[in-house]
There are 2 protein chains.
Amino acid sequence: MTETIIDRPARSETASPLQIDLARRILERIRDSGWTVGTRVSVPDLARTFGVSRSPVSAALELLVAQGILSPFETRGLQLARDVADLDPEDILPSSPLEELYRRMMRERALGQLPQEVSEAELMPRYQVSRGVVRKLLLRFAAEGLVQRLPGHGWRFADTLVGEDAYRESYEFRMAVECAALRSPMFNADPQQLAPVRRAHERILAIVSTGKTLIGGDEWFRINASFHEGLAACSGNRFLADAVRQQNNLRRLQESAGFEELPAERIEQSCREHLAILDAVEAGEIEWAEALLRQHLRQASEFASPQRSI
Amino acid sequence: MTETIIDRPARSETASPLQIDLARRILERIRDSGWTVGTRVSVPDLARTFGVSRSPVSAALELLVAQGILSPFETRGLQLARDVADLDPEDILPSSPLEELYRRMMRERALGQLPQEVSEAELMPRYQVSRGVVRKLLLRFAAEGLVQRLPGHGWRFADTLVGEDAYRESYEFRMAVECAALRSPMFNADPQQLAPVRRAHERILAIVSTGKTLIGGDEWFRINASFHEGLAACSGNRFLADAVRQQNNLRRLQESAGFEELPAERIEQSCREHLAILDAVEAGEIEWAEALLRQHLRQASEFASPQRSI
DNA sequence: TAATGCATTTTGATTGAATGAAAAGCAGGA
DNA sequence: TCCTGCTTTTCATTCAATCAAAATGCATTA
């Protein structure tokens with residue numbers, strides 16, 4: 001098993017997509033939980049949290065060690081090595097080629113460069129990848145409800161959210177589902193669950209107020225989604241929660257066209273509205289929360305609609 | 001190209017799943033449209049209807065010819081050869097092995113014989129099929145939202161609709177979504193679309209009234225689904241329609257446990273309620289329709305719930 | 001007692017050539 | 001002009017073998 005010295009890239013050369021994804025989620029978790037330097041990082045704990053075995057978690061932590069975010073204890077185990085409050089996971093982690101392709105496809109579809117109906121054979125040369133990779137990408141899109149198999153040959157992307165119609169429909173749907181979630185008799189504003197959401201919003205507000213940094217559209221999108229999904233999750237109704245999640249997936253497809261970044265004041269306003277809704281919910285004022293939510297959805301819809309109808 | 005005489009099963013030996021599926025749908029279409037004997041069957045027309053090319057449609061028609069349902073014209077083309085009003089597609093068509101397995105898996109899952117989390121490697125020996133087949137089945141389940149990939153290894157079936165909780169949640173969700181569909185400002189009761197639904201219901205009522213034949217649970221399920229999905233489709237909102245469809249898929253998983261057939265009077269009552277709702281909708285009395293729908297959903301839910309909670 | 005580090009087992013991804021099925025094209029005929 | 005019946009072309013599945021990665025087990029140590 002002893003081998004040449006020059007060439008031993010055996011492990012860290014290739015990090016699997018799962019490992020990279022885990023590394024990112026772990027980093028976000030560390031950040032959003034506000035851990036202090038020196039905190040011990042437990043592998044079994046993380047493995048339970050993310051529902052995987054210890055192997056990929058260990059590999060993910062190795063990635064973070066390589067980035068200087070974690071460091072070994074003197075004896076054994078890992079600890080947090082530096083403050084991560086103002087760290088953007090994007091910058092740190094290499095983002096697997098598969099993930100890159102996924103976003104590229106999504107963007108090209110949103111821009112109309114990719115037709116609504118595609119065949120695997122058509123995508124292979126286009127992206128210079130094997131059929132297997134194409135399959136995997138399409139399956140991921142399919143799992144998110146963004147693409148469907150056609151009978152016979154080919155795949156078909158979901159109708160995009162362009163045009164007045166689609167916006168109205170999406171708005172109508174979210175209104176129905178999210179309000180139903182609030183009104184659910186089993187609704188329970190679990191602070192445990194909503195705390196990270198609230199914290200993320202406050203972080204955004206802090207950043208905006210300094211005016212120094214722009215918020216990445218992608219980051220805002222994730223936080224926005226976490227708010228709506230978190231709220232729906234409090235309904236204790238898996239179907240309502242799933243519906244909101246899927247709707248967010250669709251919206252992500254649209255956003256990824258990246259026509260323009262949202263103006264900072266728009267983000268700030270949404271943030272405050274979200275926080276107001278959280279306040280109302282946690283105070284048990286459900287009806288007021290619903291009114292605020294309706295208003296919020298309406299405004300967001302009106303803001304988005306005219307811009308898209310190019 | 002001339003070959004031995006004894007052995008030429010080349011084509012009809014194997015009918016692809018798509019061909020069988022098409023044959024069934026074509027047969028249902030012929031039946032529900034009430035075609036008369038001698039009516040011409042147009043291949044391009046059917047191909048357009050089902051969104052496939054002419055090849056599989058032709059093959060499907062061959063299957064129907066082999067069953068004596070269609071026959072060639074003297075010159076060319078095909079015609080309807082016999083009355084199909086009281087024909088059960090199940091009896092006629094051979095139902096591909098893949099379809100059989102699909103149902104078997106669904107049933108075993110519903111009965112709890114199959115665990116909620118499974119690995120491909122575990123399913124292969126269990127059903128004596130190759131990995132490819134297992135994949136295909138799981139992908140079909142996944143497309144219907146009945147199963148999800150886990151990160152890492154394995155697949156996880158959707159939480160089943162057993163227990164009080166799940167029934168309440170499903171009921172709550174359907175109430176929210178289907179009523180939102182009715183209330184949609186773009187709601188339009190397209191008679192073209194609802195006519196087949198109405199006809200199917202009337203056919204069921206006719207059968208029930210004679211008392212001779214039992215309604216297959218499967219058949220009633222499909223008609224019930226077509227009612228709710230058809231209604232949602234009238235909202236002109238694809239998201240609402242999709243949500244109803246997916247909910248029906250879930251319910252199908254549950255029903256397939258096949259604990260017991262619904263009693264005929266129960267089916268009859270549901271039928272009448274559906275027809276009353278259709279009447280209200282087509283008369284433009286939306287509010288009344290919504291009230292009826294709420295009542296219908298509540299009753300169906302109450303009927304189903306106690307029986308399942310074994 | 002529980003987490004670590006490493007070893008082993010299990011699971012699923014990948015590959016390419018052969019096969020089968022669907023899509024697309026075309027000439028003849030209603 | 002549209003449909004039929006056939007041919008050609010394109011597309012996707014299959015299968016088995018090899019390989020990468022996740023799950024699991026276990027001795028060790030805090």
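Chain letters run A, B, ... following the sequence lines, proteins first, then strands; residues in each count from 1. Quick note: numbers below take in every heavy atom, side chains included, and nothing from hydrogens, waters or symmetry partners.
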K.L.:
Do A:Arg140 and A:Tyr102 form a cation-pi contact, if we require the NZ or CZ to be under 6.0 Å from the six-membered ring centre and within 45 degrees of the ring's axis?
P.N.:
yes
K.L.:
Ion pair present between B:Glu144 and B:Arg252, side-chain N to carboxylate O less than 4.0 angstrom?
P.N.:
yes
K.L.:
Among A:Glu122, A:Glu120, A:Gln148, A:Gln116, exactly one meets side chain to side chain donor-acceptor pair (under 3.5 Å) together with A:Trp155. Which residue is that?
P.N.:
A:Glu120
K.L.:
Rounded to whole angstroms, how far apart are CD on B:Gln79 and C1' on C:dA30?
P.N.:
16 Å
K.L.:
Nearest whole Å is fine: how far is C:dA22 C1' from B:Asp21 CG?
P.N.:
15 Å
K.L.:
At 4.0 Å (heavy atoms only), tell me whether B:Val57 reaches a base, stays on the sugar-phosphate, or touches nothing.
P.N.:
nothing
K.L.:
Send over the distance from B:Asp45 CG to D:dT4 P, rounded to a whole Å.
P.N.:
9 Å
K.L.:
Please work out if A:Glu122 contacts a base, only the sugar-phosphate, or nothing of the nucleic acid, heavy-atom cut-off 4.0 Å.
P.N.:
nothing
K.L.:
It should be established whether A:Ser42 places a side-chain nitrogen or oxygen under 4.0 Å from OP1 or OP2 of nucleotide C:dA2.
P.N.:
no
K.L.:
Whole-Å distance between C:dT14 C1' and A:Lys136 NZ?
P.N.:
9 Å
K.L.:
Taking the side chain of A:Ser119 as heavy atoms from C-beta outward, which of D:dA12, C:dA22, C:dA3 is closest to it?
P.N.:
D:dA12
K.L.:
To the nearest Å, give me how far apart CG (B:Leu46) and P (C:dA23) are.
P.N.:
14 Å
K.L.:
Taking CZ from B:Arg149 and P from C:dT11, how many angstroms apart are they, rounded to a whole number?
P.N.:
13 Å
K.L.:
Do side-chain atoms of A:Glu108 reach the backbone of A:Met105 as a donor and acceptor pair under 3.5 angstrom?
P.N.:
no
K.L.:
For B:Gly77, which contact category applies under a 4.0 Å heavy-atom criterion: base, sugar-phosphate, or nothing?
P.N.:
sugar-phosphate
K.L.:
If I take atom CD in residue B:Glu117 and atom P in nucleotide D:dA22, what distance separates them, rounded to the nearest angstrom?
P.N.:
17 Å
K.L.:
Looking at A:Glu229 and A:Arg222, is there a salt bridge between them, counting it only when a charged N and a carboxylate O are closer than 4.0 Å?
P.N.:
no
K.L.:
Looking at C:dG12, C:dT4, C:dA22, which one has an atom nearest to any side-chain atom of A:Val43?
P.N.:
C:dT4
K.L.:
May I ask you to say whether A:Arg24 pairs ionically with A:Glu28, meaning some side-chain N is under 4.0 Å from a carboxylate O?
P.N.:
no
K.L.:
What contact category does B:Val41 fall into here, base, sugar-phosphate, or nothing, at under 4.0 angstrom with non-hydrogen atoms?
P.N.:
sugar-phosphate
K.L.:
Look at the aromatic rings of A:Phe157 and A:Phe141 and report parallel, tilted or perpendicular, splitting at 30° and 60°.
P.N.:
perpendicular
K.L.:
Going 5' to 3' along nucleotides 23-30 of chain D, which nucleotides have protein heavy atoms under 4.0 Å from the base (write B), which only from the sugar-phosphate (write S), and which from neither (write -)?
P.N.:
BBBB-BB-
K.L.:
If the cut-off is 4.0 Å, is B:Ser130 near the phosphate of D:dC15, judged by side-chain N/O to OP1 or OP2?
P.N.:
yes
K.L.:
Let me know the distance between CZ of A:Arg48 and C1' of C:dT4, rounded to the nearest Å.
P.N.:
14 Å
K.L.:
Using OP1 and OP2 only, check whether a side-chain N or O of A:Arg135 sits under 4.0 Å from D:dT13.
P.N.:
yes
